[in-house]
Amino acid sequence: MVRRLLARIGQALVVLLAAFTASFLLLQALPADAILIKFMNPDLGLSPEQIAEIHAAYGAGMPLWSQYLHALGNFLTGDFGTSVQAGVPVRDSLAANLPATLTLAALGFLAAVILALAVSFLSNLTGFVWLRNSLAALPSLFVSVPVFWLGILLIQVFSFQLKLVPVIDPGPWERLILPVAALAVPISAPLAQILMRNIDAVLTQPFVAVARAKGASRHSVLWRHVVPNALLPTLTIAGVLFGELLAGAVVTETVFGLNGLGTLTQQAVANQDMAVLQAVVVISATAFVLINLAVDLLYPLLDPRIAEADAR
Amino acid sequence: MSAPLLAIDHLDVSYADGPDRRRVVHGISLDVAAGEVVALVGESGSGKTTLVQAVIGLLPEGGRIDGGAIRLAGTDIAGWSQRRLDALRGERISLIPQDPGSSLNPVKTIGAQVGEILRLHRRLGRAEIREASLDLLAQVGLSQPALRLGQYPHQLSGGMKQRVLIAIATALRPSLIIADEPTSALDVTVQKRILDLIDTLRRESGTALLLVTHDLGVAADRADRIVVLRDGSVQERGPAAAVLSAPRSAYTRQLLADIPSLAAPRLRPIPAPREGPPAVVVETLARDYPGAGRRPFRAVDGLSFTVAPGTTHAIVGESGSGKSTTIRAIVGLERPSAGRILVDGLDLATLRGDTLRAFRRRIQLVYQNPFSSLDPRQTIEAIVEEPLLNFEPVARAERARRVAEIVERVGLPSGLLRRRPAALSGGQRQRVAIARALVLEPKILILDEAVSALDVTVQAQILRLLDGMQAERGLTYLFVSHDLAVVRRIADTVTVLRDGRAVEQGTVEAVFERPRDPYTRDLIAAIPGQRLPAPRPVAAEA
């Protein structure tokens with residue numbers, strides 16, 4: 001078990017290194033030059049020699065492999081470099097923006113899970129065929145809704161027409177309601193689809209009939225027997241969907257004018273601020289790897305068959 | 001006279017089929033008296049499972065009772081809501097399911113699943129439930145009940161799981177147990193012990209049993225009365241002895257004739273051994289797998305046998321006896337850890353690359369389950385044609401000709417060529433699998449439980465087909481089976497495997513009539529249907 005755990009953590013580290021390397025090479029391969037974008041501004045009146053000096057100060061002239069090792073070493077010690085555009089250490093702008101995005105992502109994910117569970121349970125428990133069918137159709141609708149469109153629609157309806165959520169100077173939590181909703185809907189869709197399909201599949205299993213034959217009610221069988229089995233594959237998908245959550249945060253924060261990792265990324269792309277982009281990629285990869293590691297480690301706790309296979 | 005325990009009265013059940021409804025139970029009436037064993041016998045599609053699902057109120061989605069009554073001790077429960085039935089299920093009617101492997105929740109402990117029925121119907125504390133569960137597990141003959149409570153289903157064997165399910169079904173001493181093919185997924189010796197256990201527990205508490213089975217042998221051994229179903233209607237009913245010894249309907253007579261029985265003769269006289277070297281020689285074959293500890297697990301241990309060309313050799317054994325490992329080694333899918341295999345005079349270990357590929361067309365496999373061994377997305381024609389594409393190029397027209405020829409030869413209508421497996425019955429699918437194996441004109445056919453999943457009448461047809469193909473083409477068969485009665489019908493020589501070793505070998509006559517090993521004797525004694533009358537020739541077979 002311990003050996004498997006160590007191997008799994010080792011794998012996660014390899015993935016992180018690969019993400020770092022790939023993003024480093026891709027960002028280097030771009031023809032863009034953040035230093036030129038910032039300092040070529042004629043108002044600054046810098047001579048080409050001075051710009052070359054700045055280049056050298058940022059270490060841009062060094063050979064690629066030495067830049068790579070340098071950057072890798074810095075990342076390992078927690079130094080993410082300096083943002084060319086803002087002129088501040090990337091670590092500081094991350095520290096300022098990460099908590100807001102983490103809150104948004106965590107709430108969005110939570111809301112997505114609740115939405116997915118609600119849709120799939122209701123569609124399985126309701127006795128009305130029309131309600132069941134319309135609930136079952138919801139995920140396909142949700143999955144095809146673009147985040148930016150949904151965000152704008154939510155503001156239009158809830159803020160401007162119904163005036164339920166203030167847009168001007170909202171409280172710290174009020175501010176989050178609509179973005180979380182906009183983020184949760186498209187994430188909940190695949191979750192609900194997988195969950196409904198799994199619930200349907202588990203319901204045909206003989207052990208469900210055996211549980212009913214013991215005299216357990218439909219509700220009780222759904223909770224005690226079906227859901228624990230149907231959740232297992234859903235968990236894997238949930239881990240993968242986390243990546244979508246990060247991508248969704250970029251759009252959501254832009255639409256709702258929130259500060260966070262999303263807006264930071266968007267600005268960094270616009271200014272081709274490589275140091276920030278590199279940090280964002282590595283942070284996202286880390287979050288992604290950690291979530292999936294957690295899912296993997298959670299699995300044996302939920303399914304004794306996997307725990308047994310691990311113990312071997 | 002008081003009302004019978006269960007009285008089914010002109011029951012109609014149908015399933016939704018697109019916009020229409022398809023009726024699968026047509027006005028069936030039947031009674032079960034208290035403490036009585038009634039066997040519902042029929043082949044797949046006869047409506048026997050639907051009937052008992054209706055009785056316990058658990059018809060699958062789309063199923064509906066259209067008419068008639070189900071009276072339990074005089075009260076009609078056919079129209080009861082699920083909520084009212086919940087109080088009844090487990091307490092007064094319980095179920096022993098077909099497949100113990102999938103009938104226990106894989107993520108819950110045995111203790112939780114046995115305790116559930118007590119929790120649902122009795123007001124008991126935690127400690128009392130544990131106490132009662134321990135008693136129940138001990139009662140069904142499980143060793144170390146305290147250990148079992150904390151175990152998960154995958155840690156138990158099939159027989160042990162069925163014991164757990166019997167413990168659940170008998171927990172509250174219901175007045176009626178419905179057993180839906182309770183042993184068809186189990187090995188024959190386990191089967192007998194499980195049926196004995198159900199019998200004992202049932203007698204102790206005076207519980208009636210509605211036994212659903214496709215196996216007239218099981219019905220003959222266990223039932224007081226037999227009801228024969230076909231296409232959703234009753235064909236014949238009566239006391240077990242009367243139905244078996246003097247069947248009135250032609251269908252029952254056909255069923256009886258098709259049961260593979262030890263007393264039945266071989267399909268045709270043993271062919272004279274052909275000239276030439278043996279078709280298959282296995283010499284001291286051994287195969288190890290990495291085991292739980294340091295010691296490897298030896299699945300096959302020092303197995304030797306020889307098969308003469310044009311004859312059928314059967315390998316008999318229960319699950320875990322090493323049957324599958326042996327045939328995988330013979331077709332070259334696994335390397336033996338020790339020993340030698342000669343097929344058609346070729347040593348498998350010396351074959352590489354092209355010679356190995358050429359070897360593969362001489363030996364073909366037919367698998368057990370005709371429902372999963374065919375690709376559901378391919379047409380029958382594509383399935384049968386596929387092996388031809390794997391070897392030297394054959395022109396399209398020639399391929400079509402060969403496919404049509406073999407499909408016709410195995411007795412399939414040519415109209416099926418464009419259909420997909422879902423449109424075919426189990427027997428037709430197994431014919432497709434046989435056609436696919438024969439299209440390369442192999443010399444040796446390995447039949448891995450090839451008729452085990454089929455109904456007896458279909459089984460008899462497939463056995464006759466195999467026998468005809470052997471006579472016509474001089475094929476050598478390696479027939480792997482757990483069913484000794486089927487082996488008796490088709491094989492010439494037999495190896496009885498247990499724990500990877502051959503406990504007995506010889507001609508079928510010698511092994512079956514004068515078994516020397518106690519294990520072989522156990523296997524033969526465990527075959528259901530020993531109370532069946534000796535088979536008589538039936539007009540249809542002549």
Side-chain angles (χ1 to χ4, degrees), chain A residues 1 3 123-129 131-133 136 195-236 298-312, chain B residues 49 52-53 56-61 81-83 85-109 112-122 150-155 161 164-165 168-169 171-172 174 177-178 180 185 290-293:
Chain A
M1 181 66 208
R3 253 179 64 192
S123 84
N124 262 291
L125 285 178
T126 177
F128 303 107
V129 174
L131 185 57
R132 192 192 152 93
N133 288 344
L195 195 56
M196 282 160 113
R197 201 169 308 153
N198 283 324
I199 287 179
D200 283 347
V202 176
L203 275 173
T204 65
Q205 291 283 312
F207 68 78
V208 171
V210 169
R212 293 300 312 276
K214 290 178 193 173
S217 66
R218 269 179 69 103
H219 290 62
S220 153
V221 168
L222 187 70
W223 277 111
R224 292 177 163 268
H225 293 281
V226 178
V227 168
N229 280 284
L231 275 183
L232 295 171
T234 316
L235 199 62
T236 311
L298 205 58
Y299 231 100
L301 299 182
L302 297 176
D303 192 337
R305 288 165 297 184
I306 292 174
E308 180 124 321
D310 284 359
R312 287 223 183 102
Chain B
T49 295
V52 295
Q53 282 171 335
I56 200 166
L58 292 176
L59 283 171
E61 200 162 300
S81 69
Q82 286 296 324
R83 192 176 296 245
L85 286 169
D86 282 340
L88 200 75
R89 283 191 283 252
E91 176 84 56
R92 293 179 62 196
I93 308 181
S94 67
L95 173 77
I96 300 174
Q98 172 162 20
D99 176 15
S102 55
S103 293
L104 288 168
N105 188 337
V107 305
K108 299 225 167 232
T109 61
Q113 301 189 57
V114 176
E116 186 177 24
I117 190 164
L118 302 168
R119 194 177 50 73
L120 285 166
H121 295 278
R122 299 278 187 271
Q151 282 186 315
Y152 288 94
H154 70 274
Q155 294 165 313
K161 280 184 240 188
V164 171
L165 288 157
I168 293 170
L172 304 177
I177 294 179
I178 291 172
D180 187 1

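Proteins get letters first, then strands, A, B, ... in listed order; numbering begins at 1 in each.
- With a 4.5 Å cut-off on non-hydrogen atoms, Leu232(A) touches chain B through its side chain but not through its backbone.
- Contact annotation: the side chain of Asn229(A) approaches that of Asn105(B) to within less than 4.5 Å [non-hydrogen atoms, C-beta and beyond].
- Legend: residues meeting side chain to side chain contact (heavy atoms under 4.5 Å, CB included) with Thr236(A), ordered by chain and number and at least two apart, are Tyr299(A).
- Within 6.0 Å of atom CZ in Arg119(B), more than 12 heavy atoms from other residues, nucleotides or ligands are found, so the atom counts as buried in its surroundings.
- For the atom pair CZ of Phe207(A) and CG of Leu104(B), the computed distance is 9.5 Å after rounding to the nearest 0.5 Å.
- In this structure the side chain of Gln113(B) never reaches within 4.5 angstrom of the side chain of Arg224(A), judged on heavy atoms.
- Contact count against chain A (heavy-atom pairs under 4.5 Å) is highest for Gln155(B) among Glu91(B), Gln98(B), Arg83(B), Gln155(B).
- The line from NZ of Lys214(A) to CG of Asp86(B) is 13.5 Å long, rounded to the nearest 0.5 Å.
- Distance CD/Gln205(A) to OG/Ser103(B): 9.0 Å, rounded to 0.5 Å.
- Here the straight-line distance linking atom OG of Ser217(A) with atom CG of Leu120(B) works out to 8.0 Å at 0.5 Å rounding.
- Residues forming a salt bridge (charged side-chain N to carboxylate O under 4.0 Å, His left out) with Arg132(A) (at least two apart in sequence, or on another chain): Asp200(A).
- The two residues Leu58(B) and Ala213(A) come nearest to each other via the heavy atoms CD1-N, 3.9 Å.
- Side-chain contact between Arg89(B) and Arg212(A): present, with at least one pair of heavy atoms (C-beta onward) separated by less than 4.5 Å.
- When the candidates Ala216(A), Ala209(A), Ala211(A) are compared by the number of heavy-atom contacts under 4.5 Å with chain B, Ala216(A) comes out ahead.
- The two residues Pro206(A) and Ser102(B) have their closest heavy-atom pair at CG-OG, 3.2 Å.
- Contact annotation for Leu165(B): only side-chain heavy atoms (C-beta onward) come within less than 4.5 Å of a heavy atom of chain A.
- Contacts of Pro106(B) with chain A are made by both backbone and side-chain atoms, with heavy-atom separations under 4.5 Å.
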